[in-house]
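This report concerns only the one structure given below.
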Protein chains: 2
Amino acid sequence: MSIIDKAIAHFTEELGERGLRKTPERFAILREIYNLGGHLDAEDLFMHMKNQNYRVSRATVYNTLELLVEVDLVKKLQFGNNITLFEKSLGYKQHDHLICTKCGRVQEFCDPRIQQTKSMVEEFIDFEITHHSLNIYGFCRECRKK
Amino acid sequence: MSIIDKAIAHFTEELGERGLRKTPERFAILREIYNLGGHLDAEDLFMHMKNQNYRVSRATVYNTLELLVEVDLVKKLQFGNNITLFEKSLGYKQHDHLICTKCGRVQEFCDPRIQQTKSMVEEFIDFEITHHSLNIYGFCRECRKK
DNA sequence: ATAGTTGCAAAAGCTTTGCAGTATG
DNA sequence: CATACTGCAAAGCTTTTGCAACTAT
């Protein structure tokens with residue numbers, strides 16, 4: 001069973017549990033995100049759907065993205081001030097992001113230390129963590145050369 | 001010499017070096033941020049200035065905030081989707097933030113591990129770091145009790 | 001004197017909302 | 001068939017921009 005099929009199955013189940021309707025738009029958007037891959041914003045996604053002659057509205061794109069974030073199929077990323085991107089999350093291991101402020105490129109990286117930090121926070125500050133966001137900004141290798 | 005005086009001195013120097021004018025509005029905004037303390041957004045700051053009968057415009061508040069971030073006197077924080085807050089940074093040691101998604105409260109915490117992560121990124125990924133943002137979201141002690 | 005800055009209001013950009021029509025369960 | 005969901009366009013919010021007036025140097 002491929003990742004996309006697992007995602008669709010999970011979405012179907014969640015929609016059922018929540019008493020929400022299984023509309024074709026919702027599945028089309030999920031499929032598009034998983035097929036495209038990478039990081040994309042709401043407008044990108046909307047245009048991609050339009051270009052393929054899907055009849056979807058911006059409102060539905062925004063609503064569905066929010067829903068997909070809620071059921072953990074998509075992660076919402078916030079970089080800098082007004083850059084919001086989304087990425088598929090099923091089958092992805094935990095990672096954080098490096099953002100090049102010159103060329104805008106986004107790289108992923110992993111460091112288990114963040115897990116230790118989170119454990120420390122839960123234990124000593126008595127804070128119940130739902131999620132985190134670690135972004136490191138600077139210049140990527142290519143931009144440093146120039 | 002108090003923190004605020006150091007901040008003013010630093011700002012004066014930076015403005016001089018950059019050939020920018022030392023306008024009363026710029027210093028008034030800097031003073032307001034350091035006097036108020038805590039986390040505040042652009043609109044808060046604008047209203048505070050207005051209430052004290054300062055004659056400043058929103059544009060100047062935004063421009064000056066950006067300038068203060070550039071000269072490292074103020075840090076810009078981005079929480080969730082559309083929450084941008086600013087905090088004074090002179091005399092503050094490095095820290096990150098815990099954001100309660102129920103009551104909106106923002107707590108600060110320190111963990112030296114983030115420095116190790118940054119060193120690792122610089123060394124092994126060849127990425128030149130300028131700054132980072134680590135936000136942990138969840139429920140604070142008070143909200144967990146309810 | 002002369003640019004850099006400011007205030008004001010309009011514009012821009014992204015996201016949400018209202019409403020009438022549509023289609024899921 | 002009832003009503004959750006959709007498309008469309010208008011409205012909302014925060015931030016930016018354009019321009020005439022002002023002022024630091």
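Reckoned from all heavy atoms, side chains included, excluding hydrogens, waters and symmetry mates. Lettering of chains follows the sequences in order, A, B, ..., and the numbering in each one begins at 1. What you see is a predicted model, and the numbers here were worked out from it, not measured in a lab.
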Residue [X], side-chain atoms from C-beta onward, closest of [options]:
| X | options | value |
| --- | --- | --- |
| A:Arg21 | C:dT2, C:dG25, D:dT15 | C:dG25 |
| B:Ser57 | D:dA24, D:dG7, C:dG7 | C:dG7 |
| A:Ala59 | D:dT15, C:dT24, C:dT17 | C:dT17 |

Between B:Arg144 and A:Asp126, is there a salt bridge with N-O shorter than 4.0 Å?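 Counted as a salt bridge, because a side-chain N and a carboxylate O are separated by less than 4.0 Å.
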
Look at [X] and [N] and indicate whether a side-chain polar atom (N or O) is within less than 4.0 Å of OP1 or OP2.
| X | N | answer |
| --- | --- | --- |
| A:Thr84 | C:dT15 | yes |
| A:Thr60 | D:dC5 | no |
| A:Thr23 | D:dT6 | yes |
| A:Tyr62 | C:dT15 | yes |

If you round to the nearest 0.5 Å, how far is CD of B:Gln78 from OG1 of B:Thr84?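 It is 3.5 Å, given to the nearest 0.5 Å.
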
Examine B:Phe127 together with A:Phe139 and report whether their ring centres are nearer than 6.0 Å.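 Judged by ring-centre distance (under 6.0 Å), B:Phe127 and A:Phe139 do not meet the cut-off.
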
Check whether the side chain of A:Arg58 and the base of C:dT15 form a donor-acceptor pair under 3.5 Å.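 No, no donor-acceptor pair under 3.5 Å.
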
Any donor-acceptor pair, under 3.5 Å, between the side chain of A:Arg55 and the base of D:dT6, if you only look at N and O atoms?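 Flag unset: no donor-acceptor pair detected.
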
Whole-Å gap separating [atom2] ([N]) and [atom1] ([X]):
| X | N | atom1 | atom2 | answer |
| --- | --- | --- | --- | --- |
| B:Leu45 | D:dT15 | CG | C1' | 14 Å |
| A:Glu66 | C:dC14 | CD | P | 18 Å |
| B:Phe27 | C:dT5 | CZ | C1' | 14 Å |
| B:Ile29 | C:dG7 | CD1 | P | 8 Å |
| A:Lys22 | D:dT6 | NZ | C1' | 17 Å |
| B:Leu65 | D:dT15 | CG | P | 9 Å |
| B:Leu20 | D:dA24 | CG | C1' | 12 Å |
| B:Leu40 | D:dT14 | CG | P | 14 Å |

How is B:Lys50 classified with respect to the nucleic acid when contacts are heavy atoms under 4.0 Å: base, sugar-phosphate, or nothing?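 Contact class for B:Lys50: sugar-phosphate only.
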
Criterion ring pair (Phe, Tyr, Trp, His ring centres under 6.0 Å) on B:Phe79 and B:His97, from CA distance to verdict: CA-CA 9 Å; B:Phe79 301 136; B:His97 297 91; 5.5 Å; yes

Identify, between A:Val56 and B:Asn63, the residue whose nearest nucleotide on DNA chain D lies closer to the 5' end.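 Here A:Val56 is the residue nearer the 5' end.
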
Main-chain N/O of A:Tyr137 paired with B:Thr130 side-chain donor or acceptor, under 3.5 Å: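 Here the side-chain-to-backbone pair exists.
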
